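Notes follow the structure.
If you're wondering where the values come from, they're calculated on a predicted model, not measured in any experiment. In each ligand, atom 1 is the first atom listed, and ligand 1 is the first ligand listed.
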Amino acid sequence: MSYLKQTDGAVYELLQKELEYQQKTLRLIASENYASRAVMEATGSVLTNKYAEGYPKKRYYAGNQYVDEIEILAIERAKKLFGAGHANVQPHAGASANIAAFYAFLEIGDKFMGLDLANGGHLTHGSPVNFSGKWFRPCAYTVDRKTEALDYNQIRKRALEEKPKLIICGYTAYPLIIDFKAFREICDEVGAIMMADISHFAGLVAGGAYPSPAKYADIITTTTHKTLRGPRGAMIMCPEANAQKIDKAVFPGMQGGPLEHCIAAKAVCFHEALQPEFKAYAAQIVKNAKVLADELAAHGLRLVAGKTETHLILVDLTPKGITGKEAQLALEEAGIISNRNAIPYDPRPPFVTSGLRLGTPALTTRGMKEGEMKHIGQLIVKVIENPNDSELKLRVRKETEELCSRFPIYK
Ligand code: DSN
């Protein structure tokens, strides 16, 4: 970043500090990852200079021959990676992708079903403070109170009662594998459109560590920067029959000029995810999460749904007498970066919460394996059990820094 250093020392210095901070801390935010240098180079490329409203070969501006080639490459790679009939790689973010999907298939005021936010759903799946809850009529389903797992009979019953036009599956804080076939059957029975938001576990699907919804869903939305390890951004996939609806909804429906520098980086990310090493990476994410979950449970932490089958763990802190907010802060002070999260039927408000969400995609990218996960699990427990012990947090911070120094984020 020699040019940036010369031109804008203030931004340069802050970016250096952020790099050092990312290097020295343990990232356990389930939705974060470290993009490769290649992905970052494409993101920072000359394509930031270009307007390209429209789609390849049908643009509203001139001078897009290379832009077209790049977008086509991204589309073809996405289709190959996920076995999709069609891919639109233009959505700027996960929320924009979900807005576009709604725009394509719903009218304002239509009823749809998504998992309740406090049960692991996303803001855009019907939260009352979000467009999805304000402009449409959400009827949420929940996880089973006892097992904290999806109960497909209950979901079916609710769908038959409510008759939603669209049903969303795919969540931000659900540690178990989703039965996409069961959702397809429910959707067929009630005549609903099936939308899978695979943002969190797209990388696991791409790497074969999680079942694919591709042969069941009418629409698949995903971000590209979580387990998929690409640039910040999103895409929508669907069977060929829905291609036109989706494309029209993204542009001109919801967006203007696509971010072609991000699309180039998405193409790089899909290329990386098509390599055999990515399969090993996806499998290791899940292995790591399981070991971390077992270690936490062995030290008396209660896991929501009792276990993990994915990249994320949801911990109920209630038995330890600490809130999610307190745990997040204490861990941050110890160099362990996580996020507080509601647990199903959480009595505490979303800004406080009773839970903590932990994920392994970023640590796995650093090359950490089962041994490190056990060690990290022990560090987390120490801090959660002694959130006000400053000396202990300092000691843990030193240990996390030492551990991090053995696994550089960028070599
Ligand atoms: N913010 C993302 C997450 O952390 O799950 C979802 O949008």
- Task: Could you grab the distance from atom CG of Asn339 to atom CG of Leu28, nearest 0.5 Å is fine?
- Result: 10.0 Å
- Task: Could you tell me if the ring centre of Tyr60 sits under 6.0 Å from that of Phe251?
- Result: yes
- Query: Do Leu106 and Leu166 pass the side chain to side chain contact (heavy atoms under 4.5 Å, CB included) test, and can you show the C-alpha distance, the side-chain angles, and the key distance before you say yes or no?
  - Reply: CA-CA 8 Å; Leu106 301 179; Leu166 179 147; 3.9 Å; yes
- Query: So do the side chains of Tyr210 and Thr227 get within less than 4.5 Å of each other, counting heavy atoms only?
  - Reply: no
- Query: For ligand 1, what is the set of protein residues having any non-hydrogen atom at a distance below 4.0 Å?
  - Reply: Ser31, His122, Thr172, His200, Lys226, Arg357
- Do Phe105 and Phe112 make the cut of ring centroids closer than 6.0 angstrom? no
- Kindly state whether the ring of Tyr281 and the ring of Phe278 have centres lying under 6.0 angstrom apart. yes
